[in-house]
Amino acid sequence: KPVMWSPVEKTALAEAEVEYEDITSTQIDVAFEIVEAPNAPELVGAHAVIWTTTPWTIPVNQAIAYGEGIEYLLVTDGQRNYVIAALLFTAFATRFEVAAEAGLKLWQVTSANGDPVVIGGTDLAGAIARHPMHALGGFFAKPRPLLPADHVTTDAGTGLVHMAPDHGEEDFIACKKLGIDPVFAVNDAGFYRDDWDWLPGQGSVINTKFNGAEGPICTDLRAVGALLSASDFRHSYPHSWRSKARIIYRCTPQWFIPMD
């Protein structure tokens, strides 16, 4: 399962060995094209928008989570349609329009009677998206299912959460229910495996420039039209108490012994 891991010390850390400090990360909004939506066919061809402050996890994405009780809107920039939580539309539109070319705006798609197109969370059941880097083939060409998860909220982001079971406990649990297993793409030093199809041997994933708006991940996403915004985000983040370096959540094979 995923544990707190120090790429500097190449070891797992207990909660007592972790300190929290404020850092500035790069927050990004990324578009995943929906290719199947049995309960909402109007979404086929639209893009599910995810928000993350850990761009380095996008190369390990395997699914997208939604909230069953969340209402989503279909919005457009006149060129493409996007799916976004209704309560987070304004915040997303601000990030999008700051990053977009001059004059490009977002507005809500309306039905024939003029009402906004609203999609219930349960309508996303069975939907399938594709990874922005699907052209790489292999792992990246596999379908990315949309799945329900209790940890999806409308507190921040887009109301859709990109899932990397290798790098999040909640992601791991939700994906395991669908038989989606970790792929161990990031090694103990925080670099992608040498045989990984996207950015092989590159990192470190805790490096600020690597994750930055002009770093290789954002550059590649921008090149395929999937990067909708990238900007600074200030937040608290865990660090190793020994090295003072940032840590990550990383899935590793482990033994657990009950002490009852």
[X] (side chain) donor-acceptor with [Y] (main chain) under 3.5 angstrom:
X	Y	answer
D232	T24	no
S111	D115	yes
R144	N61	yes
R193	N187	no

Subject >> Pair T52-Q27, side-chain donor/acceptor within less than 3.5 Å >> reply: no

Original post:
Is there a donor-acceptor contact under 3.5 Å linking the side chains of Y249 and D171?
Top reply: no

Original post:
Less than 4.0 Å between a side-chain N and a carboxylate O, is that true for E19 and K244?
Top reply: yes

Does atom [atom1] of [X] have more than 12 heavy-atom neighbours, drawn from other residues, nucleotides or ligands, at distances under 6.0 Å?
X	atom1	value
N39	CG	yes
W241	CH2	no
E9	CD	yes
E169	CD	no

Original post:
With E33, which of H134, R80, R130 fulfils side chain to side chain donor-acceptor pair (under 3.5 Å)?
Top reply: R130

State, to 0.1 Å, how close [X] and [Y] come at their nearest heavy-atom pair, and which atoms those are.
X	Y	answer
V205	N211	O-ND2, 2.7 Å
A31	Y82	CB-CE2, 4.5 Å
P7	I206	CG-CG2, 4.1 Å

Original post:
Is the distance between the ring centroids of F139 and W198 under 6.0 Å?
Top reply: no

Original post:
Any idea how F92 and F96 line up, ring-wise: parallel (<30°), tilted (30 to 60°), or perpendicular (>60°)?
Top reply: tilted

**OP:** Could you point out which residue of T57, V30, V49 forms a side-chain contact (heavy atoms from CB on, under 4.5 Å) with H162?
**Re:** T57

**OP:** Output every pair passing ring pair (Phe, Tyr, Trp, His ring centres under 6.0 Å) with a member in residues 26-70, not counting sequence neighbours, ordered by first then second residue.
**Re:** F32-H131, W51-F233, W56-H167

**OP:** Find out if a path of hydrophobic residues (ILVMFWY) with successive side-chain heavy-atom gaps under 4.5 Å connects I248 to V8.
**Re:** yes

Original post:
Step by step, would you call R246 with Y237 a side-chain contact (heavy atoms from CB on, under 4.5 Å)?
Top reply: CA-CA 7 Å; R246 300 180 188 186; Y237 192 86; 3.6 Å; yes

